[in-house]
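Okay, so here's the structure we're looking at.
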Amino acid sequence: MSEKTKVFLIIKKTYWEHDGDTWFDVAEHATSKERAEKCLEALNTLKNDKKVSYLICEVNHENK
């Protein structure tokens with residue numbers, strides 16, 4: 001039997017204004033919502049880049 005756990009991914013969204021392209025990458029991951037929010041806050045503080053933003057994505061991960 002498999003067990004499901006929640007994983008919180010901090011997604012980095014990069015928007016390139018000159019060509020209208022958007023890229024998404026996983027910047028960090030966490031096992032709790034609180035930790036994900038702390039990572040998000042740290043990334044927003046450290047990276048002062050107008051073309052980059054971050055968001056938290058909650059996913060169910062199945063352990064097999």
Side-chain angles (χ1 to χ4, degrees):
M1 180 174 269
S2 62
E3 180 183 332
K4 288 187 179 183
T5 56
K6 285 192 187 297
V7 178
F8 299 88
L9 303 177
I10 295 84
I11 306 296
K12 176 183 178 182
K13 176 185 171 189
T14 307
Y15 175 70
W16 298 98
E17 196 172 293
H18 66 279
D19 62 5
D21 227 359
T22 302
W23 292 83
F24 295 93
D25 298 298
V26 176
E28 297 284 338
H29 70 278
T31 55
S32 73
K33 178 83 170 180
E34 294 78 21
R35 177 70 180 146
E37 288 171 351
K38 286 182 183 179
C39 288
L40 184 69
E41 185 179 334
L43 286 166
N44 282 329
T45 301
L46 293 171
K47 314 275 186 198
N48 190 13
D49 189 345
K50 294 191 185 310
K51 70 178 180 281
V52 175
S53 59
Y54 297 92
L55 59 102
I56 296 172
C57 178
E58 182 179 328
V59 295
N60 288 320
H61 175 69
E62 191 170 318
N63 297 326
K64 294 184 179 185

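Not measured: the values here are computed from a predicted model. One is the number of the first residue; the rest follow in order along the sequence.
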Separation of Asn60 CG from Thr5 OG1 (nearest 0.5 Å):
8.0 Å
Least distance between heavy atoms, Val7 atom then His29 atom
CG1-CB, 4.5 Å
Treat each ILVMFWY residue as a node, draw an edge where side-chain heavy atoms are under 4.5 Å apart, and state whether Val59 and Leu55 are in one component.
yes
N/O donor to acceptor pairs below 3.5 angstrom from side-chain atoms of residues 30-45, sequence neighbours left out:
residue : atom : partner : partner atom : Å
Ser32   : OG   : Arg35   : N            : 3.1
Asn44   : ND2  : Leu40   : O            : 3.3
Thr45   : OG1  : Glu41   : O            : 2.8

Enter the distance from Lys12:NZ to Trp23:CH2 here, rounded to the nearest 0.5 Å.
12.0 Å
Pair Glu58 + Lys6: basic N to acidic O under 4.0 Å:
yes
When rounded to the nearest 0.5 angstrom, what is the spacing between OH in Tyr15 and OG1 in Thr22?
6.5 Å
Do Ile56 and Ile11 belong to the same hydrophobic cluster, where Ile, Leu, Val, Met, Phe, Trp and Tyr are linked whenever their side-chain heavy atoms lie under 4.5 Å apart, directly or via other members?
no
Any side-chain to backbone donor/acceptor pair from Asp25 onto Ala27? Under 3.5 Å, distance only.
no
So if you build clusters from Ile, Leu, Val, Met, Phe, Trp, Tyr with side-chain heavy-atom gaps below 4.5 Å, do Ile10 and Val52 land together?
yes
